[in-house]
Amino acid sequence: MKIINPQPSLEQFIEENKLTTVFNAELLKQLKVHVFEPNEQIIEESTVVKYLYLVIEGEAGIAPTSLEGKPGLLDYILPMDVVGDLEYFSEATYYHRVVALSQCHYLALPVALIPTHLNKNIDFYKFICVNMANKMQRTSKRYSRSLFFPLKNSLAKYLYDLSIHQNTNVLKISTNDAAERFGVSSRHLRRTMASLASEDIITRQHTTITIINMEKLWHYANF
């Protein structure tokens with residue numbers, strides 16, 4: 001991680017996103033931007049919340065660890081998301097590990113500053129609530145689609161999104177972790193992968209899945 005203090009560009013970011021009443025000039029002087037490189041760990045699972053992060057740019061993945069100790073990919077963190085809000089306000093440690101998928105610039109708000117600088121700031125709490133609601137809506141839509149559509153479609157969307165975000169058609173995926181993600185047995189997931197392979201959409205060798213027909217995969221993904 002690299003810490004920078006790009007004050008002029010940071011002030012411009014705050015103004016462009018209409019956050020001047022959330023982060024006033026006095027508070028901004030005390031804040032820094034944390035820069036993470038691709039594949040760098042941003043947050044370690046089960047650690048104490050030290051910062052609320054506001055994503056300025058870049059994309060990261062929420063990567064919980066399975067019972068076998070292997071990381072998976074639960075969801076993505078996108079620009080303007082707040083990271084650590086749920087844990088901080090529920091007085092919990094970080095629920096999941098977060099890893100940078102591209103270079104990420106995060107505005108770091110030390111939680112120690114919240115009681116003294118933001119405790120009576122209604123706009124701050126409104127911003128946090130709206131952000132939480134947006135993230136819950138994204139999650140709800142994703143799981144609703146998974147519940148009401150066949151595993152084949154959900155798996156295709158997962159593979160398609162993963163390929164786009166990682167910018168590669170060769171993916172490393174644990175069958176057990178993916179099965180846990182979709183709430184199905186490993187056997188059912190392997191059968192579904194075999195179905196996609198039979199249509200010459202993917203090939204699979206151990207934990208490596210290669211997408212060979214992105215157009216067909218997109219067709220199943222957009223259900």
Side-chain angles (χ1 to χ4, degrees), residues 1-4 6 9-10 13-14 16-19 22-23 31-66 70-111 114 124-146 154 157-168 171-174 177-178 180-182 221:
M1 178 188 74
K2 181 170 64 175
I3 298 176
I4 60 176
S9 60
L10 187 55
F13 169 80
I14 295 299
E16 287 177 351
N17 289 282
K18 300 178 180 178
L19 296 174
V22 177
F23 301 101
L31 303 185
K32 300 291 189 295
V33 172
H34 293 181
V35 181
F36 302 90
E37 298 302 324
N39 300 316
E40 186 176 357
Q41 180 171 275
I42 298 172
I43 288 172
E44 184 180 351
E45 189 174 343
S46 300
T47 56
V48 176
V49 178
K50 294 182 179 180
Y51 299 98
L52 288 192
Y53 280 127
L54 173 60
V55 183
I56 297 174
E57 62 177 289
E59 194 170 75
I62 301 173
T65 304
S66 70
K70 298 177 181 178
L73 180 61
L74 179 62
D75 206 347
Y76 297 100
I77 296 173
L78 306 173
M80 291 305 295
D81 280 350
V82 175
V83 182
D85 48 355
L86 184 59
E87 291 90 343
Y88 172 73
F89 288 106
S90 58
E91 299 182 347
T93 56
Y94 286 117
Y95 295 129
H96 298 301
R97 178 171 170 259
V98 176
V99 178
L101 301 176
S102 64
Q103 188 183 75
C104 295
H105 288 67
Y106 282 20
L107 175 60
L109 169 63
V111 296
I114 294 177
F124 169 71
Y125 288 102
K126 181 180 178 181
F127 173 68
I128 292 294
C129 288
V130 169
N131 202 277
M132 282 187 181
N134 289 338
K135 288 188 290 187
M136 290 175 65
Q137 187 178 50
R138 281 202 323 244
T139 302
S140 176
K141 283 182 178 179
R142 189 179 75 247
Y143 281 104
S144 295
R145 289 161 70 97
S146 297
S154 300
K157 180 165 178 56
Y158 175 63
L159 296 177
Y160 182 83
D161 289 346
L162 203 60
S163 174
I164 296 299
H165 285 96
Q166 294 185 5
N167 195 29
T168 178
L171 308 172
K172 293 286 186 181
I173 294 176
S174 162
D177 289 345
E180 286 181 12
R181 173 189 172 86
F182 294 113

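No hydrogens, no waters, no symmetry mates; every other heavy atom, side chains included, goes into these values. What you see is a predicted model, and the numbers here were worked out from it, not measured in a lab.
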- Distance in Å, L54 CG paired with I128 CD1, rounded so as to fall on 0.5 Å steps: 8.5 Å
- Query: Are Y76 and L162 side-chain neighbours, meaning at least one heavy-atom pair lies under 4.5 Å?
  - Reply: yes
- Item | Pairwise side-chain contact, K135 with D85, heavy-atom cut-off 4.5 Å (strictly under) | yes
- Evaluate the side-chain proximity of F23 to L10: yes if any heavy-atom separation is below 4.5 Å, no if none is. no
- Task: Indicate yes or no for a side-chain donor-acceptor contact from S163 to the backbone of T168 under 3.5 Å, with no hydrogens or angles considered.
- Result: yes
- Task: Taking side chain to side chain donor-acceptor pair (under 3.5 Å) as the test, write out the residues that go with K2, two or more places apart.
- Result: none
- Output for pair (M80 CE, F13 CZ), nearest 0.5 Å, gives 5.0 Å
- Hey, could you give me the CD/NE2 distance between E45 and H96, rounded to the nearest 0.5 Å? 7.0 Å
- Measure across S90 and L86 and return the closest heavy-atom pair with its distance rounded to 0.1 Å. OG-O, 2.5 Å
- Query: Below 4.5 Å, heavy atoms only, C-beta onward: do L78 and E59 meet side chain to side chain?
  - Reply: yes
- Query: Say you draw a straight line from CG of L52 to CZ of F124; how long is it, rounded to the nearest 0.5 Å?
  - Reply: 5.5 Å
- Contact summary for A60 and V98, nearest pair of heavy atoms: CB-CG1, 3.9 Å
- Message: If I compare all heavy atoms of G58 with all of S102, which pair ends up nearest, and what's the gap?
- Response: CA-OG, 3.5 Å
- Message: Measuring only between side-chain heavy atoms, which start at C-beta, is L31 closer than 4.5 Å to L109?
- Response: yes
- Message: Would you say that more than 12 heavy atoms from the other residues, nucleotides or ligands in this model lie under 6.0 Å from the CE of M136, or not?
- Response: no
- Message: Going by the rule ring pair (Phe, Tyr, Trp, His ring centres under 6.0 Å), which residues pair with H34 if we only count those two or more places apart in sequence or in a different chain?
- Response: Y51, Y53
- Task: Specify the closest pair of heavy atoms between L159 and L171, including all atoms of both residues, with the distance to one decimal.
- Result: O-CD1, 3.7 Å
- Rounded to the nearest 0.5 Å, what separation is found between the OH atom of Y106 and the CD1 atom of I42? 3.5 Å
- Item | Main-chain N/O of Y95 paired with E87 side-chain donor or acceptor, under 3.5 Å | yes
- Task: Inspect the surroundings of NZ in K50 and state if more than 12 heavy atoms from other residues, nucleotides or ligands are less than 6.0 Å away.
- Result: no
- Item | Side chain to side chain, E57 and V33, heavy atoms closer than 4.5 Å | no
- Task: Just jot down the side chain to side chain donor-acceptor pair (under 3.5 Å) partners of D81, sequence neighbours excluded, or say none.
- Result: R138
- Give the minimum heavy-atom separation between A100 and F36, together with the two atoms involved. CB-CB, 4.1 Å
- Query: Got a second to check how far I43's CD1 is from Q41's CD, nearest 0.5 Å?
  - Reply: 9.0 Å
